[in-house]
Amino acid sequence: MTQGKKTRIRVRSSLSSYVGDLLIPPMRNRISDVLNDESVLFINLTDVLINDTEHSAFVALNKNQIESVIQLD
């Protein structure tokens with residue numbers, strides 16, 4: 001099992017909205033720590049709802065395409 005804290009977030013890009021689970025690694029405490037990590041170009045979401053209609057088990061989002069992030073839980 002991967003260690004870390006799982007949190008539910010809503011991510012908006014210019015074309016789509018994604019609601020999914022983000023795993024925050026053990027050495028990080030906040031979503032912003034994951035987003036500001038310059039060594040990682042993508043964030044990985046699991047159990048994702050795309051545009052409130054389509055479900056996907058996994059989505060990798062380019063951090064440069066993200067317009068906003070909201071924590072849901």
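Positions are given from 1 along the sequence.
- At least one side-chain heavy atom of Ser13 sits under 4.5 Å from a side-chain heavy atom of Tyr18.
- Criterion: ILVMFWY side-chain heavy atoms under 4.5 Å apart, direct or through other members. Under it, Ile31 and Val59 are part of a common hydrophobic cluster.
- Salt bridge absent: Asp37 and Lys63 never bring a charged side-chain N and a carboxylate O closer than 4.0 Å.
- The CG atom of Leu23 sits 8.0 Å away from the OG1 atom of Thr46 when rounded to the nearest 0.5 Å.
- Side chains of Leu15 and Gln65 form no contact here, defined as non-hydrogen atoms less than 4.5 Å apart.
- Using a distance-only test at 3.5 Å, with no hydrogens or angles considered, a donor-acceptor pair links the side chain of Asn51 to the main chain of Ser17.
- The closest donor-acceptor contact from the side chain of Asp47 to the backbone of Asp21 lies at 3.5 Å or more, if one exists at all.
- Between Leu35 and Ile43 there is a side-chain heavy-atom pair separated by less than 4.5 Å.
- The two residues Ser56 and Ile50 make their nearest non-hydrogen contact at CB-CD1, 4.1 Å.
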### Task
May I have the step-by-step check of side chain to side chain contact (heavy atoms under 4.5 Å, CB included) for Arg10 and Asp52, ending in yes or no?
CA-CA 10 Å; Arg10 177 180 298 273; Asp52 296 322; 3.7 Å; yes
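- Looking only at side-chain heavy atoms (C-beta outward), Val34 and Val40 stay at 4.5 Å or farther from each other.
- At a threshold of 4.5 Å between non-hydrogen side-chain atoms, the residues Ile24 and Asp33 do not count as touching.
- Residues Val69 and Leu22 have side chains not in contact (no heavy-atom distance under 4.5 Å, counting atoms from C-beta outward).
- Here Phe58 is tied to no hydrophobic group at all, with no ILVMFWY side chain closer than 4.5 Å.
- Rounding to the nearest 0.5 angstrom, the gap separating the CG atom in Leu49 from the CZ atom in Arg8 is 7.5 Å.
- The backbone N or O of Asn64 sits less than 3.5 Å from a side-chain atom of Asn62, completing a donor-acceptor pair.
- Under the 4.5 Å side-chain heavy-atom criterion for ILVMFWY residues, no single connected hydrophobic cluster contains both Ile9 and Val19.
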